[in-house]
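By convention in this document, chain letters (A, B, ...) are assigned in the order of the sequence lines, proteins followed by strands, and residues within each chain are numbered from 1.
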Amino acid sequence: MLDLGFVRGNLELVEEKLRARGADPAALLGDFLTFDQARRKAITNTEKAKARLNQLSQEVGALKRTGLDASSKMEDIRKVKEELDGMGMVSLALELGFRDLLASIPNLTRDEVPVGLSEADNLTVKTWGEKPAFDFEAKPHWELGKSLGILDLERAAKLSGARFAVYMGAGARLERALISFMLDMHTEKHGYTEVLPPFLVNSKSMFGTGQLPKFEDDLFKVEGSGLEQDISRNLSPGEFVFVPGHEGMFVVKRVIGSDVEVQLCKPKESTYQLTVPKSTLLYQRKLYLIPTAEVPVTNLYRDEILDEARLPICLTAYTPCFRAEAGAAGKDTRGIIRQHQFQKVEMVKFTRPEDSDAEHEKLTRNAEEILETLGLPYRRVLLCTGDTGFSSAKTFDLEVWLPGQQLYREISSCSNFESFQARRANIRYRAAGAKGKPEFVHTLNGSGLAVGRTWLAIVENYQQADGSVLIPEALRPYMGGLERITKSEVQ
RNA sequence: GGAGAGAUGGCCGAGCGGCUGAAGGCGGCGGUUUGCUAAACCGUUAUAGGGGCUAAAACUUCUAUCGGGGGUUCGAAUCCCCCUCUCUCCGCCA
């Protein structure tokens with residue numbers, strides 16, 4: 001989330017940066033200034049009335065204590081309250097609408113980020129390693145994995161459907177070895193602290209890192225079986241609720257004071273509307289499967305004020321990642337490039353604003369060192385404005401060489417979010433010395449690395465003429481000394 | 001799942017209808033003392049938003065905030081209801 005004052009004062013810059021991302025500033029910002037003014041006007045009005053109310057209450061108190069008649073003051077209070085009731089809905093609507101607007105503006109990309117709309121405009125910063133030269137035709141990992149008996153996509157489809165994988169034997173061990181190897185390298189060599197977070201998180205966490213509200217369709221949701229009542233919840237139109245005494249699921253149309261207008265939406269043969277008190281509604285508790293460890297790990301310090309002396313905080317976490325990626329149907333359907341579930345080792349940093357650039361470089365290097373230690377050729381790419389993620393100000397992708405497909409493929413994405421996530425998640429630090437107003441930290445993260453893609457990169461890059469796969473030196477201790485994966489007996 | 005206890009500022013902890021944005025302590029910051037450090041002493045120290053003033057700050061004023069939401073009341077940290085979370089005991093369980 002951007003700072004409101006900043007947007008107000010730098011509207012032209014914000015519009016320009018939005019255009020650079022390929023977004024339409026008019027659609028996103030609307031008439032920002034008019035909206036902002038209306039909102040502020042409403043705030044001023046209601047606050048003035050509230051001030052008057054507080055004033056009158058004091059006076060009533062004073063009168064009552066001295067035993068005098070306060071009925072005329074009470075009459076004044078009644079009038080102001082009526083006035084306030086009338087303004088309430090307007091300012092609430094404005095406030096909520098404005099907050100949504102602000103929350104749906106993507107981060108501003110840095111000036112050094114190349115302007116462009118697609119992958120084609122990304123800038124290759126460096127290239128490392130020699131592509132392996134084979135005197136035979138390199139095979140893709142799905143063929144090698146199948147013939148070696150270490151990857152079973154057919155049976156995975158039986159279990160869970162498309163875009164899931166079963167690893168067997170040395171294949172499973174390789175995945176596990178990679179996780180341990182990466183975590184050890186980050187904790188022992190790069191100075192990160194290991195974290196094992198929950199894989200299910202609430203919507204507040206998803207908001208904090210920017211997945212919600214815009215990208216709900218990309219997430220897997222888990223809804224509890226039991227219905228709960230939570231009248232403290234703020235309802236928003238479009239939300240699903242249950243009404244006791246009525247069959248089916250209802251959708252919220254609008255909120256009128258303490259009442260809610262709801263419409264039956266499932267089952268849908270015959271729909272009807274109801275207006276019921278908010279306090280009678282039931283909800284289903286909803287959790288989200290994490291799409292990356294970034295979500296739980298960054299939100300670790302949500303609503304906290306950190307000591308400057310603790311910064312930078314460098315954390316690394318292994319988690320499975322779950323992505324629905326509704327928009328990616330038909331893309332990368334072969335092999336394990338794009339899965340609904342994959343494993344990843346993630347690096348997350350919390351830094352002072354002035355350090356985030358240097359820490360971004362270090363973090364990217366830490367990911368590169370994994371690739372280098374494994375002997376996998378890669379290149380570093382600076383993403384262009386249109387390819388940079390919603391929350392990010394600047395992103396480097398690392399792309400590994402895949403000989404089976406003759407192309408470079410993203411294996412890590414290292415981003416500097418600056419204060420964008422910190423503002424959403426309210427993560428601050430107090431500077432020692434200076435007059436100690438808490439300031440937002442900068443957050444960063446990067447894959448170090450995507451384990452599934454590392455697995456397939458090793459299989460493709462280390463394949464031999466006989467169809468076996470050599471294990472990179474650095475990984476052998478994690479494989480019980482195994483030097484080569486050969487055809488498995490059990491299939 | 002059942003029964004009970006609790007949630008207050010950066011931290012600890014008091015308050016249980018108005019004078020409480022909140023005592024006291026710790027920590028932080030500024031100062032006095034000191035050859036330096038420590039100690040002692042004095043002062044200061046919440047966040048967000050709106051208005052005023054400003055080039056911008058500083059400053060000033062108002063509003064909100066004592067886990068979250070709602071209610072009672074002229075007035076709520078304080079009373080009532082609901083939710084969330086934490087702790088203790090029982091049950092179940094990897």
Enquirer: Please confirm whether A:Arg176 makes a cation-pi placement over A:Tyr478, using NZ or CZ under 6.0 Å from the six-membered ring centre and within 45° of the ring normal.
Expert: no
Enquirer: Now, which nucleotide makes the Watson-Crick or G-U wobble pair with B:G49, with each of the two distances under 3.5 Å?
Expert: B:C62
Enquirer: With both distances under 3.5 Å as the test, what is the Watson-Crick or G-U wobble partner of B:G1?
Expert: B:C90
Enquirer: Which part of the nucleic acid, if any, lies within contact of A:Lys48, taking any heavy atom under 4.0 Å across all strands shown: a base, the sugar-phosphate backbone alone, or nothing?
Expert: nothing
Enquirer: Answer whether the closest heavy-atom distance between the side chains of A:Met347 and A:Cys314 falls below 4.5 Å.
Expert: no
Enquirer: When both hydrogen-bonding distances must be under 3.5 Å and the geometry is Watson-Crick or G-U wobble, what is B:C16 paired with, if anything?
Expert: none
Enquirer: Taking atom types as modelled and ignoring hydrogens, do the side chains of A:Thr351 and A:Glu359 form a donor-acceptor contact shorter than 3.5 angstrom?
Expert: no
Enquirer: Is the ring pair A:His340/A:Phe164 parallel, tilted or perpendicular, if the boundaries are 30 and 60 degrees?
Expert: tilted
Enquirer: Rounded to the Å, how far apart are A:Leu102 CG and B:A48 C1'?
Expert: 14 Å
Enquirer: When the P atoms of B:C12 and B:G2 are considered, how many whole Å apart are they?
Expert: 31 Å
Enquirer: Which residues within residues 52-61 of chain A lie with some heavy atom under 4.0 Å of an atom in RNA chain B?
Expert: A:Asn54, A:Ser57, A:Val60, A:Gly61
Enquirer: My understanding is that a pair needs two contacts under 3.5 Å, Watson-Crick or G-U wobble. By that rule, which nucleotide pairs with B:G21?
Expert: none
Enquirer: Strictly by Watson-Crick or wobble contacts shorter than 3.5 Å, is anything paired with B:C79, and which nucleotide is it?
Expert: B:G71
Enquirer: Report the residues that fulfil ring pair (Phe, Tyr, Trp, His ring centres under 6.0 Å) with A:Tyr167, sequence neighbours left out, ordered by chain and then residue number.
Expert: A:Trp455
Enquirer: Given the P atoms of B:U45 and B:G35, what is the spacing between them in whole Å?
Expert: 32 Å
Enquirer: Nearest whole angstrom, please: distance from the P of B:A64 to the CZ of A:Arg99.
Expert: 18 Å
Enquirer: Would you call A:Lys79 and A:Glu83 a salt bridge, using N to O less than 4.0 angstrom?
Expert: no
Enquirer: Report, one pair per line, the protein and nucleotides 49-56 of chain B atoms (nitrogen or oxygen only) whose separation is under 3.5 Å.
Expert:
residue : atom : partner : partner atom : Å
B:G49   : N2   : A:Glu47 : OE1          : 2.9
B:G49   : N2   : A:Glu47 : OE2          : 3.4
B:G50   : OP1  : A:Arg8  : NH2          : 3.0
B:G50   : O2'  : A:Thr44 : OG1          : 2.7
B:G51   : OP1  : A:Arg40 : NH1          : 3.3
B:G51   : OP2  : A:Arg40 : NH1          : 3.3

Enquirer: Could you pull out all residues at least two apart from A:Phe35 that satisfy ring pair (Phe, Tyr, Trp, His ring centres under 6.0 Å)?
Expert: A:Phe98
Enquirer: Round to a whole Å and report the spacing from CZ of A:Arg302 to C1' of B:U84.
Expert: 13 Å
Enquirer: Among all residues two or more places apart in sequence or in another chain, which pass the ring pair (Phe, Tyr, Trp, His ring centres under 6.0 Å) test with A:His190?
Expert: A:His186
Enquirer: Would you check if the distance from the ring center of A:Phe199 to the ring center of A:Phe322 is below 6.0 Å?
Expert: no
Enquirer: How long is the line joining CZ of A:Arg430 and P of B:U45, in whole Å?
Expert: 13 Å
Enquirer: Which residues pass the side chain to side chain contact (heavy atoms under 4.5 Å, CB included) test with A:Asp3, sequence neighbours left out?
Expert: A:Phe6, A:Arg423
Enquirer: If you measure from the C1' atom in B:G43 to the same atom in B:U37, how many Å do you get, rounded?
Expert: 23 Å
Enquirer: Send over the distance from A:Lys73 NZ to B:U73 C1', rounded to a whole Å.
Expert: 19 Å
Enquirer: By nearest nucleotide on RNA chain B, pick out whichever of A:Lys81 and A:Arg428 is the more 5' one.
Expert: A:Arg428
Enquirer: Let me know the distance between CG of A:Asn202 and P of B:G67, rounded to the nearest Å.
Expert: 20 Å
Enquirer: Need the pair for B:G6. Rule: Watson-Crick or G-U wobble, both distances under 3.5 Å, any strand; none if unpaired.
Expert: B:C85
Enquirer: Sticking with atom P, work out how far B:G21 lies from B:G9, rounded to a whole angstrom.
Expert: 16 Å
Enquirer: Rounding to an integer number of angstrom, what distance separates B:G10 and B:U47 when you compare their C1' atoms?
Expert: 12 Å
Enquirer: Between B:A77 and B:A22, how far apart are the two P atoms, rounded to whole Å?
Expert: 12 Å
Enquirer: Take atom C1' in B:A38 and the same atom in B:A46, then report the distance between them in whole Å.
Expert: 30 Å
Enquirer: If you measure only the distance, is there a donor-acceptor pair under 3.5 Å linking the side chains of A:Arg302 and A:Ser205?
Expert: yes
Enquirer: Quantified in whole Å, what is the C1' atom distance between nucleotide B:C41 and nucleotide B:U33?
Expert: 8 Å
Enquirer: Quickly work out the A:Ile77 CD1 to B:G18 C1' distance and round it to whole Å.
Expert: 12 Å
Enquirer: Between A:Phe440 and A:Lys64, which is nearer to the 5' end of RNA chain B once each is assigned its nearest nucleotide?
Expert: A:Phe440
Enquirer: Give none if B:U54 has no partner; otherwise give the nucleotide forming a Watson-Crick or G-U wobble pair with it, both distances under 3.5 Å.
Expert: none
Enquirer: Between A:Ile305 (CD1) and B:G28 (C1'), how many Å, whole number?
Expert: 12 Å
Enquirer: Let's test this: given Watson-Crick or G-U wobble pairing with both distances under 3.5 Å, identify the partner of B:G35.
Expert: none
